[in-house]
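Counting starts at 1 for both ligands and their atoms, following the listed order. Heads up: numbering here begins at 1 and tracks the sequence.
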Amino acid sequence: MTSTVASRLDRERERLRAAARACGRDEHEIKLLAVSKQQSVSAILEAYAAGQRDFGENYVQELRQKATELEHLRDLRWHLIGHLQTNKAKVVAGLASSVQTIDSIRLCQELGRRRLAAGAEGPLDALVEVNVSGETSKSGCAPGELREVCAAVEAQPGLRLRGLFTVPPASEDPNAARPHFEALVRLRRELGGDARLPELSMGMSGDLEVAVACGSTWVRLGTAIFGHRSTSERAP
Ligand SMILES: *Cc1c(COP(=O)(O)O)cnc(C)c1O
């Protein structure tokens, strides 16, 4: 049997429900972000037809191209989950409904300014990316900078502070992510809890259950929904 995007999406929704049930959480607290990077527009359309509305992209160029092609789908929401350079803030400010990878004060200022200039409806939802593991290869602000970056988001009328985002070190073992997810939860508690930071974007195809058990409100699933990404070429 060949699995389609729609059938995989069904399976992942069920997996999410089961994960929520297993730790006594309300499944409606957890949103599924379909990570469509390096996936085709037709795959996105399949997911859309199956009811998926939130899509995550990592690269600004690719986001722009897909958003243009799918402009007619007015209720489709794009979320940036890759590193954003300040000089590309303008492109994203008018297109995205959230940027989950805010990592500097300068980026807050630029994105906030560009959002207002874009004349978009309402502020842009902002999640601050934290490099909880301290890996030097990772983007995200250091835990010690988080307080300042959150305040910088709140200083921008064009942005709305929503929560925190993290990517743990890659591992085959889903449980290896747990201490990193717990560290993010702890940081949230120190900074005002879920009244100030209601969203925790953490958990991917391999560690969804652990992330949900730790309190995730956004799980980001790529391969589990779309299958393997093309590595030889960027999908248009
Ligand atoms: C690619 C990516 C994902 C999805 O990863 P999968 O393992 O394919 O589910 C989630 N989050 C981020 C930040 C990513 O770059």
A.B. asks: Of the protein's non-hydrogen atoms, which lies at the shortest distance from atom 12 (C) of ligand 1, and what is that distance?
C.D. replies: I81 CD1, 3.6 Å

A.B. asks: Any N or O of V35 that comes nearer than 3.5 Å to an N or O of ligand 1?
C.D. replies: no

A.B. asks: Suppose I only count heavy atoms of G222 and a 4.0 Å limit; which atoms of ligand 1 are within that range?
C.D. replies: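 Going through ligand 1 atom by atom, the ones under 4.0 Å from G222 are 4 (C), 6 (P), 8 (O), 9 (O).
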
A.B. asks: Tell me: protein heavy atom nearest atom 2 (C) of ligand 1, and distance?
C.D. replies: K37 NZ, 2.5 Å

A.B. asks: Does a salt bridge link E154 with R196, judged by any charged N lying under 4.0 Å from a carboxylate O?
C.D. replies: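 Yes, charged N to carboxylate O under 4.0 Å.
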
A.B. asks: Against ligand 1, does F165 come closer than 4.0 Å with any heavy atom?
C.D. replies: yes

A.B. asks: In terms of side-chain heavy atoms, does E129 have a donor or acceptor partner in T166 at a distance below 3.5 Å?
C.D. replies: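 Checked: E129/T166 side chains show no N/O donor-acceptor pair below 3.5 Å.
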
A.B. asks: Please list, in number order, the atoms of ligand 1 under 4.0 Å from a heavy atom of R229.
C.D. replies: 1 (C), 8 (O)

A.B. asks: Indicate if L146 and V167 have the same hydrophobic cluster label, given that clusters are the connected sets of ILVMFWY residues with side-chain heavy-atom separations under 4.5 angstrom.
C.D. replies: no

A.B. asks: Which atoms of ligand 1 have any heavy atom of L221 under 4.0 Å away?
C.D. replies: 9 (O)

A.B. asks: Near R77 CZ, under 6.0 Å, is it more than 12 heavy atoms from other residues, nucleotides or ligands?
C.D. replies: yes

A.B. asks: Taking the minimum heavy-atom distance to atom 6 (P) of ligand 1, which of G206, S205, G227 ranks first?
C.D. replies: S205

A.B. asks: Considering only the protein, which heavy-atom contact is closest to atom 10 (C) of ligand 1, and what is its distance?
C.D. replies: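 The protein heavy atom lying closest is M204 SD, 3.1 Å.
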
A.B. asks: Out of all atoms in ligand 1, which are within 4.0 Å of some heavy atom of N58? Include the element for each.
C.D. replies: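 Per the distance check, 14 (C), 15 (O).
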
A.B. asks: Which ligand 1 atoms are under 4.0 Å away from a heavy-atom of R220?
C.D. replies: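 Once the distances to R220 are compared, the set is 4 (C), 9 (O), 10 (C), 11 (N), 12 (C), 13 (C).
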
A.B. asks: What distance separates T217 OG1 from M202 CE, expressed to the nearest 0.5 Å?
C.D. replies: 8.5 Å

A.B. asks: Is the NZ or CZ atom of R64 both under 6.0 Å from the centre of the six-membered ring of Y59 and within 45° of that ring's axis?
C.D. replies: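 Judged by the rule (NZ or CZ under 6.0 Å from the ring centre, within 45° of its axis), R64 is not positioned above Y59.
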
A.B. asks: One thing to verify: whether E110 and K90 come together as a salt bridge, which I'm taking to mean a side-chain N less than 4.0 angstrom from a carboxylate O.
C.D. replies: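 So K90 does not pair with E110 through a salt bridge.
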
A.B. asks: Find out whether L33 and W218 are in side-chain contact, i.e. whether some heavy atom of one side chain is under 4.5 Å from a heavy atom of the other.
C.D. replies: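 Contact flag for L33/W218 side chains = yes.
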
